[in-house]
Amino acid sequence: MGKSNSKLSQETINELAKSTEFSQNEVRLWHREFMTSCPNGKLSKEEFKEVYNNVFPKGDASLFSEHVFRTFDANRDGFIDFREFICGLSILSKGSLDEKLKWAFQVYDIDSSGYITREEMNEVIKAIYKTAGKEDEKRDLQSEAIQRTDKLFKAMDCNSDSKISLNEFIEGAKKDSAILELLTA
């Protein structure tokens, strides 16, 4: 989205309004904001990390922001363009519960295999703890993350195959309000 695409065509606005939960006017406003922040039409991983670290100043959001960045960067080119941004934002801000849970699943499914392993879940949970500023010398972050991972796997891994499918993830989250709150907060 360089200079030649700095203005959205009416066709693109219509398409984005149809494929997201945003009105045409909201698409225009978000595009204006995006282009103000990202004049070249792309948000890099480093810029995204900086934004996350500003939103969570008490913690270290750099690792978690990488996981979130991956879910927005649909074409895996290392940047978030406006289309990717508005589609991701639509899910997070206006999406249905199932859409938000599918998005959360993608955060945990680091290798995009279609399953969440214990290692992946543990890594994301540690990143969440660091983001929230829960890392200090008095806490055993690794142990807490493993305990949380064990709890989630016990609740979600219905067929005991040591991995969680999208279906298991969604159904497990819907059955437990505490898990649901953790995953969609």
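Here the structure is a predicted model, which means the values were calculated and not measured.
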**Q** Do Leu16 and Phe82 have side chains that get closer than 4.5 Å, going by heavy atoms?
**A** yes
**Q** Could you tell me whether the side chain of Ser9 reaches within less than 4.5 Å of the side chain of Thr12, counting heavy atoms only?
**A**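 In short, these two side chains touch, coming nearer than 4.5 Å.
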**Q** For the residue pair Leu63 and Glu123, establish whether any side-chain heavy-atom pair is separated by less than 4.5 Å.
**A** yes
**Q** In Å and rounded to the nearest 0.5 Å, what is the OG1 to CD1 distance from Thr149 to Ile164?
**A** 9.0 Å
**Q** Check for a donor-acceptor pair, side chain of Glu168 on one end and backbone N or O of Asn159 on the other, with a separation under 3.5 Å.
**A** yes
**Q** Over all heavy atoms of both residues, which pair between Lys100 and Gly95 is shortest? Give the atoms and the distance, please.
**A**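 It is CE-O, 3.4 Å.
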**Q** Between Glu50 and Asn54, do the side chains contain a donor N or O and an acceptor N or O under 3.5 Å apart?
**A**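 Per modelled atom types, Asn54 and Glu50 side chains form no pair under 3.5 Å.
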**Q** I'd like to know if the side chain of Glu84 and the backbone of Ala74 have a donor-acceptor N/O pair within less than 3.5 Å.
**A**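 Yes, because the side chain of Glu84 sits within donor-acceptor range (under 3.5 Å) of the backbone of Ala74.
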**Q** Mind checking whether Leu89 and Trp30 have side chains closer than 4.5 Å, heavy atoms only?
**A** yes
**Q** Using side-chain hydrogen bond (donor to acceptor under 3.5 Å, both in side chains), reason through Asn25 and Ser23 one step at a time and then give a plain yes or no.
**A** CA-CA 5 Å; Asn25 215 25; Ser23 68; 5.7 Å; no
**Q** Would you say Phe85 ends up clustered with Leu29 if hydrophobic residues are merged whenever their side chains have heavy atoms under 4.5 Å apart, either directly or through other cluster members?
**A** no
**Q** Any donor and acceptor pair, going by atom type alone, linking the side chain of Asp60 with main-chain N or O of Thr131 inside 3.5 Å?
**A**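 Absent.
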**Q** Give the cluster check for Ile146 versus Leu152: same hydrophobic cluster or not, with ILVMFWY residues linked at side-chain heavy-atom distances below 4.5 Å.
**A** no
**Q** Salt bridge check: are Asp98 and Lys174 linked by an N-O gap of less than 4.0 Å?
**A** yes
**Q** If you round to the nearest 0.5 Å, how far is CD of Glu99 from CG of Leu97?
**A** 10.0 Å
**Q** Taking side chain as C-beta onward, heavy atoms only, is Phe22 less than 4.5 Å from Ile86?
**A** yes
**Q** For Leu43 and Cys38, which heavy atoms make the closest approach, and how far apart are they?
**A**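 Closest pair (atom of Leu43, atom of Cys38, distance): CD1-SG, 3.7 Å.
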**Q** Does the Ser65 side chain pair with the main chain of Ser62, one donor and one acceptor, at a distance under 3.5 Å?
**A**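 Side chain of Ser65 to backbone of Ser62, a donor-acceptor pair under 3.5 Å: yes, one is there.
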**Q** Are Asn122 and Arg148 side-chain neighbours, meaning at least one heavy-atom pair lies under 4.5 Å?
**A**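 Asn122 does not reach Arg148 side chain to side chain.
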**Q** With a 3.5 Å distance limit and no angle check, can you tell me whether Thr36 reaches the backbone of Arg32 through a side-chain donor-acceptor pair?
**A** yes
**Q** Hey, does the side chain of Thr71 reach the backbone of Val68 with a donor-acceptor pair shorter than 3.5 angstrom?
**A**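 Present.
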**Q** What pair of heavy atoms forms the shortest contact from Asn53 to Ala61, and how long is it?
**A** OD1-N, 2.8 Å
**Q** Between Leu166 and Tyr115, is there shared hydrophobic-cluster membership here, with clusters defined by ILVMFWY side-chain heavy atoms closer than 4.5 Å?
**A**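 No: no chain of side-chain contacts under 4.5 Å links Leu166 to Tyr115.
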**Q** Return the set of residues passing ring-ring contact (aromatic ring centres under 6.0 Å, His included) with Tyr52 (not counting sequence neighbours), or none when no residue passes.
**A**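 Tyr52: ring-ring contact (aromatic ring centres under 6.0 Å, His included) contacts with Phe48, Phe56.
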**Q** Does Arg28 have any salt bridge (Lys or Arg N to Asp or Glu O under 4.0 Å) partners at least two apart in sequence or in another chain, and if so, which?
**A** none
**Q** Measuring from Gln24:CD to Leu8:CG, what's the distance to the nearest 0.5 Å?
**A** 11.0 Å
**Q** Between Ser162 and Thr117, is there a side-chain heavy-atom distance shorter than 4.5 Å?
**A** no
**Q** Check the surroundings of atom CD in Gln10: do more than 12 heavy atoms from other residues, nucleotides or ligands lie under 6.0 Å from it?
**A**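 Yes, enclosed.
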**Q** Would you check if Phe64 and Val124 make a side-chain contact, meaning some heavy-atom pair closer than 4.5 Å?
**A**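 Yes, at least one pair of side-chain atoms sits under 4.5 Å.
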**Q** State which residues pass salt bridge (Lys or Arg N to Asp or Glu O under 4.0 Å) with Lys94; sequence neighbours excluded, sorted by chain then number.
**A** Glu26
**Q** List the residues meeting ring-ring contact (aromatic ring centres under 6.0 Å, His included) with Phe105, not counting sequence neighbours, and say none if there are none.
**A** Phe169
**Q** Just verifying a value: how many Å separate Lys163 NZ and Arg118 CZ, rounded to the nearest 0.5 Å?
**A**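 With rounding to 0.5 Å, NZ (Lys163) is 13.5 Å from CZ (Arg118).
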**Q** Once rounded to the nearest 0.5 Å, what's the spacing between atom CD1 of Ile125 and atom CD of Glu120?
**A**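 That separation rounds to 12.0 Å.
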**Q** Has Asp109 got a side-chain atom pairing as donor or acceptor with Gly114's backbone, closer than 3.5 angstrom?
**A** yes
**Q** Kindly determine whether Phe153 and Met121 satisfy side chain to side chain contact (heavy atoms under 4.5 Å, CB included), including the steps that lead there.
**A** CA-CA 9 Å; Phe153 260 79; Met121 184 169 283; 3.9 Å; yes
**Q** Does the side chain of Ser165 come under 3.5 Å of the side chain of Asn167 through a donor N or O and an acceptor N or O?
**A**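 No, because no side-chain N or O of Ser165 sits under 3.5 Å from a partner of the opposite role on Asn167.
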**Q** Any salt bridge (charged side-chain N to carboxylate O under 4.0 Å, His left out) pairs touching residues 151-162, not counting sequence neighbours?
**A** none
**Q** Please name all residues satisfying salt bridge (Lys or Arg N to Asp or Glu O under 4.0 Å) with Glu15, sequence neighbours left out, ordered by chain then number.
**A** Arg83
**Q** Shortest non-hydrogen contact from Asp81 to Phe34?
**A** C-CZ, 3.8 Å
**Q** Any donor and acceptor pair, going by atom type alone, linking the side chain of Asp73 with main-chain N or O of Gly78 inside 3.5 Å?
**A** yes
**Q** Nearest 0.5 Å, what's the NZ-CE distance between Lys175 and Met156?
**A** 10.5 Å
**Q** So does Val107 get a backbone contact from the side chain of Arg70, meaning a donor-acceptor N/O pair under 3.5 Å?
**A** yes
